[in-house]
Protein chains: 2
Amino acid sequence: MPSDEQYRQLLAFRTQLRRFDHWSREAASEHGVTHAQHQLLLAIRGSASAGGPPIGEVAEALLVRPHTAGELVDRLASGGFVERVQDDADHRRVRLRLTAEGERVLRDLTSVHLDELRRLGPVLGPMLDDL
Amino acid sequence: MPSDEQYRQLLAFRTQLRRFDHWSREAASEHGVTHAQHQLLLAIRGSASAGGPPIGEVAEALLVRPHTAGELVDRLASGGFVERVQDDADHRRVRLRLTAEGERVLRDLTSVHLDELRRLGPVLGPMLDDL
DNA sequence: TCCTATTATCTCGTACCCCGATATATCTGT
DNA sequence: ACAGATATATCGGGGTACGAGATAATAGGA
């Protein structure tokens, strides 16, 4: 049975996460992509797969079903941020690559996110310790 | 210009947040509410307003527009988790109260979330420091 | 080789979340 | 009483995610 104080602490922690999330969504939006689309760009960039990750891999990284990742790719591709490339060896596979535009947007977003997280760290760390 | 290592660190941090978020959504779902609805319950419980917070106050806490919070309340009310109560002094205002069922669900969710965050803390803290 | 099982992706229909624009009811100050 | 401000609700639309089912390609066994 949580105490009133614990409810307040949990709400305060969520409020911090929410502020970061809200800020992040706005930052993405200002660069022409949504939050989920930004995360997909980052998952592509951070992948170790040569030739770009297949859709199934980014779906796993994003914790969504493959067809959901496919829908995100549809919207990113029609915005010119990513490209679908047929895998040579396995024609079922579609590998993903950032376009120059996608690379640029991700770079800018990553810079401001690193800055923001360096500000957030000293706030969030102590809150986690207090729980 | 972020380094490959920084892209990887940012992705790893996001992956941790995403895991927590995903786990949290499933926990809420198992108790019959969605993630956003859970956050609204917590915002009501954590409010300092006597007689329960008005819709505008929880909208502000959740960083959404008042009419968005209203929609969440619609769905929570039809599920029997919250009640709308007309304010005596100002008839424009609708104050929110948890039902016994809403209180119970929030208590259970809060307990498991406190446990989970105590596990997450030692993982997330160092990652924030490394950025 | 052929047939079946598996895998990767896509399509369709649905629910939720959030928004902007707009409407309605109520309060406040003059 | 009236004009402007405030609180909430309604309508229409885009984005995200899902389950079910379809399609295409690969892999393994007889």
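Chain letters run A, B, ... following the sequence lines, proteins first, then strands; residues in each count from 1. Quantities reported herein were computed from a predicted structural model and do not represent experimental measurements.
Within the 4.0 Å cut-off from OP1 or OP2 of D:dC18, at least one side-chain nitrogen or oxygen of A:T68 is found. Applying the 4.0 Å criterion to OP1 and OP2 of C:dC17, one finds that B:Q37 has a side-chain N or O inside that range. An OP1 or OP2 oxygen of C:dT9 is reached within less than 4.0 angstrom by no side-chain nitrogen or oxygen of A:Q86.
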Between N or O atoms, less than 3.5 Å apart, protein on one side and nucleotides 4-10 of chain D on the other: list the pairs.
from  : atom 1 : to    : atom 2 : distance (Å)
D:dT6 : O4'    : B:R92 : NH1    : 3.4
D:dT6 : O2     : B:R92 : NH1    : 2.8
D:dT8 : OP1    : B:I55 : N      : 3.3
D:dT8 : OP1    : B:V94 : N      : 3.1
D:dT8 : OP1    : B:V94 : O      : 3.4
D:dT8 : OP2    : B:G56 : N      : 2.8
D:dA9 : OP1    : B:R84 : NE     : 2.9
D:dA9 : OP1    : B:R84 : NH2    : 3.3
D:dA9 : OP2    : B:R84 : NH2    : 3.4

For nucleotides 3-5 of chain C, print each protein N/O atom paired with a nucleotide N/O atom at under 3.5 Å, atom names and distance only.
none

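A:H91 has its NE2 atom 18 Å from the C1' atom of C:dC10, to the nearest Å. When the P atom of C:dC16 is taken as reference, atom CG of B:L40 falls 15 Å away, rounded to whole Å. Here C:dC16 presents its P atom at 18 Å from NE2 of B:H38, a figure rounded to the nearest Å. Following rounding to the nearest Å, A:R65 (CZ) and C:dC12 (C1') show an atom-to-atom distance of 18 Å. In this structure, the CG atom of A:D21 is 13 Å from the P atom of D:dT16, given to the nearest Å. Rounded to a whole Å, the CG atom of B:L72 is 13 Å from the C1' atom of C:dC19. One atom, CD of A:Q39, and another, P of D:dA17, lie 10 Å apart when rounded to the nearest Å. A:H22 places its NE2 atom 16 Å from the P atom of C:dC17, with the value rounded to the nearest Å.
Shortest non-hydrogen contact noted between A:S24 and B:R14 is OG-NH2, 2.7 Å.
Under the 4.0 Å criterion applied to side-chain N and carboxylate O atoms, B:D74 and B:R84 are assigned as salt-bridge partners. Residues B:R92 and B:D87 are not paired through a salt bridge, judged by the lack of any N-O separation under 4.0 Å between the basic side chain and the carboxylate. Between B:E83 and B:R95 there is no salt bridge, since none of the side-chain N atoms of the basic residue sits less than 4.0 Å from a carboxylate O of the acidic one. A salt bridge between B:R8 and B:D4 is absent, with no side-chain N of the basic residue lying under 4.0 Å from a carboxylate O of the acidic one.
One distance of note links CG of B:D108 with CE of A:M1; it measures 10.5 Å at 0.5 Å rounding. In this structure, the separation between CG on A:D115 and CG on B:L131 is 11.0 Å, given to the nearest 0.5 Å.
Aromatic ring centroids of B:H113 and B:H38 lie under 6.0 Å apart.
In this structure, a donor-acceptor pair under 3.5 Å is present between the side chains of B:Q39 and A:R18. For the residue pair B:S49/B:E57, the side-chain donor-acceptor check at 3.5 Å is satisfied.
Less than 4.0 Å separates DNA chain C from no heavy atom of any residue of residues 24-32 of chain A.
Contacts of A:A59 with the nucleic acid, taken as non-hydrogen atoms under 4.0 Å apart, are absent.
B:V123 and B:L117 fall within the same hydrophobic cluster, where Ile, Leu, Val, Met, Phe, Trp and Tyr residues are linked whenever their side-chain heavy atoms come under 4.5 Å apart, directly or through other members. Cluster membership for A:V112 and B:L10, using ILVMFWY side-chain heavy atoms within less than 4.5 angstrom, is shared.
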